[in-house]
Amino acid sequence: MEKKLILQDIFIYPIKSLGGIRLAEGQVEERGFRYDRRWMLVDETGRFVSQREFAKLALLQVEVGEDSLFVFHKADPNKRLQIPLDRAEGKELLVTIWDDEVTGKVVNEESGKWFSEFLGFKVDLVVMPESSKRAVDPRYAVNEESVSFADGMPYLFIGQSSLDDLNSRLENPVPMDRFRPNLVFSGGEPFLEDQLRKVQIGGVTFQLIKPCARCVMTTVDQKTGEKGKEPLKTLSSYRTVNNKVMFGQNAVALNLGSVNIGDELIPLS
């Protein structure tokens, strides 16, 4: 096992519950990496739409261009949608994500129509304006941080060794994309992230706050959009705490900056 801990992967998920993007460099902002979960699909009541109920969303991949997001069907890349990065033409509305209600702005009519046709029911694509503040749960915030449309925390750390440990128990190994982390590090023992509190990567210090409770989304194959029972079934046999299955550590950034693949991850406490 490597003694050094190295940042192996950086991921963002610009549109909540759609395909993620691996980056060489991540721009660290208070509410998450730049562009991470700043967009979200909502139904006619304003409630967020996710793979938990609609696993086929896994089939949609996102790319970040110079001034646009691009969304396309993994099986048919010609089915593409272009979304302006810095322009939303629709109305502002209150959207609901879990127990939070926050202001979102409808991107445009074209985007809503494209996603509605894909899902088979009416949805809108909303973006989180910079002026919109969604507070991290006060029980876990360090400096009254805000968060994007992520489930609750700005960053998620997972050690590659933890996935390796899980895969050693599975008949069919699963890739890391089942768990939608932001930062994956190599080196160290399985579940080392559970013991880390503060870590420095490049010039940025992160504070790891609490374990991440996992749901049925981990059972969705991100290539096919099909649901199964694993890896949640096996994970629950040895990673259950208070009736919740834990994998990965939620975190906040204590300062802004950038991190790069290959950076050393230095435990501070």
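Once rounded to the nearest 0.5 Å, the distance linking CD of Gln222 with CE of Met176 reads 13.5 Å. Taking OG1 of Thr234 as the reference point, atom CD of Glu171 lies at 9.5 Å (rounded to 0.5 Å). Of the inter-residue distances, the one linking Leu265 atom CG with Gln8 atom CD reads 12.0 Å to the nearest 0.5 angstrom. Rounding to the nearest 0.5 Å places OG of Ser17 at 10.5 Å from CZ of Phe54. Taken from CG in Leu23 to CG in Asn260, the straight-line distance is 10.5 Å, to the nearest 0.5 Å. For the atom pair CZ of Arg169 and OG of Ser237, the computed distance is 6.5 Å after rounding to the nearest 0.5 Å.
Residue Lys79 places its NZ atom among 12 or fewer non-hydrogen atoms of other residues, nucleotides or ligands, all under 6.0 Å distant. Atom CG of Asp76 is surrounded by more than 12 heavy atoms from other residues, nucleotides or ligands within 6.0 Å. In the displayed structure, Lys223 atom NZ is contacted under 6.0 Å by at most 12 heavy atoms of other residues, nucleotides or ligands. Heavy atoms from other residues, nucleotides or ligands lying under 6.0 Å from NZ of Lys56 number more than 12. Counting non-hydrogen atoms of neighbouring residues, nucleotides and ligands closer than 6.0 angstrom, the CD atom of Glu92 exceeds 12 such neighbours. Atom CZ of Arg87 is surrounded by 12 or fewer heavy atoms from other residues, nucleotides or ligands within 6.0 Å.
Contact between Leu156 and Arg180 at its shortest, heavy atoms only, is CD2-O, 3.7 Å. In terms of heavy atoms, Asn182 sits closest to Arg37 at ND2-NH1, 3.7 Å. Annotation for Ala88 and Lys105: closest pair O-CE, 3.2 Å, computed over non-hydrogen atoms. The shortest heavy-atom contact between Pro14 and Leu69 is CB-CD2, 4.0 Å. Considering every non-hydrogen atom in both Ala58 and Val220, the closest pair reads CB-CG1, 4.0 Å. Minimum interatomic distance between Asp263 and Ile201 (heavy atoms only, all atoms of both residues): CB-CG2, 3.6 Å.
Proximity of the aromatic rings of Phe206 and Tyr155 is defined here by a centroid distance below 6.0 angstrom, and this criterion is met.
For Gln27 and Glu29, the side-chain atoms include no donor-acceptor pair closer than 3.5 Å. Asn108 and Ser111 form a side-chain donor-acceptor contact under 3.5 Å, judged by distance and modelled atom types alone. At a cut-off of 3.5 Å, with distance as the only test, no side-chain donor of Glu264 or Gln200 sits close to an acceptor on the other residue. Counting only N and O atoms by type, the side chains of Glu230 and Thr219 include no donor and acceptor under 3.5 Å apart. A donor and an acceptor atom, one from each side chain of Gln82 and Glu110, are nowhere located under 3.5 Å apart. Asp165 and Tyr238 are linked by a side-chain donor-acceptor pair at a separation below 3.5 angstrom, with hydrogens and angles left out of the test. Remark: the Glu189 side chain and the Ser161 side chain contain no N/O donor-acceptor pair separated by less than 3.5 Å.
Looking at Ser146 and Val136, their side chains never come closer than 4.5 Å, going by heavy atoms from C-beta outward. Side chains of Leu208 and Val199 form a contact here, defined as non-hydrogen atoms less than 4.5 Å apart. A 4.5 Å side-chain heavy-atom check between Val184 and Phe157 finds every atom pair outside the cut-off. The closest side-chain heavy-atom distance from Val259 to Leu7 is below 4.5 Å. Looking only at side-chain heavy atoms (C-beta outward), Ile261 and Arg22 come within less than 4.5 Å of each other. Residues Tyr35 and Leu85 meet the side-chain proximity criterion, which asks for heavy atoms closer than 4.5 Å. Residues Leu5 and Ser186 have side chains not in contact (no heavy-atom distance under 4.5 Å, counting atoms from C-beta outward). Asn172 is not listed as a side-chain neighbour of Leu170, based on a closest heavy-atom distance of 4.5 Å or more.
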Test log, rule ring pair (Phe, Tyr, Trp, His ring centres under 6.0 Å), inputs Phe33 and Phe11: CA-CA 9 Å; Phe33 280 127; Phe11 294 105; over 10 Å; no

Stepwise side chain to side chain contact (heavy atoms under 4.5 Å, CB included) check, Ile209 with Arg197: CA-CA 7 Å; Ile209 304 288; Arg197 285 298 162 258; over 6 Å; no

Evaluation steps, side chain to side chain contact (heavy atoms under 4.5 Å, CB included), between Leu166 and Phe179: CA-CA 12 Å; Leu166 169 61; Phe179 299 98; 3.6 Å; yes

Salt bridge (Lys or Arg N to Asp or Glu O under 4.0 Å) between Arg52 and Asp151, worked out: CA-CA 12 Å; Arg52 290 169 182 84; Asp151 278 351; 2.5 Å; yes

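When the side chain to side chain contact (heavy atoms under 4.5 Å, CB included) test is applied to Ser131, the partners found at least two apart in sequence or on another chain are Pro129.
Residue Met217 belongs to no hydrophobic cluster, having no ILVMFWY side-chain heavy atom closer than 4.5 Å to its own. Other residues sharing the hydrophobic cluster of Trp98, ordered by chain and number and joined by side-chain separations under 4.5 Å: Met40, Val42, Phe48, Leu93, Val95, Ile97, Val102, Val106, Val126, Met128, Phe149.
Within the structure, ring pair (Phe, Tyr, Trp, His ring centres under 6.0 Å) contacts touching residues 59-94 (residues at least two apart or in different chains) are His73-Phe118. Counting only residues at least two apart or on different chains, no salt bridge (charged side-chain N to carboxylate O under 4.0 Å, His left out) pair has a member in residues 213-222.
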What donor-acceptor contacts under 3.5 angstrom involve side-chain atoms of residues 242-254, with partners at least two apart or in another chain?
residue, atom, partner, partner atom, Å
Gln249, OE1, Lys210, N, 3.4
Gln249, NE2, Asp194, OD1, 3.3

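With Trp114 as the fixed residue, the side chain to side chain contact (heavy atoms under 4.5 Å, CB included) test singles out one of Leu81, Leu125, Leu119, Val123: Leu81.
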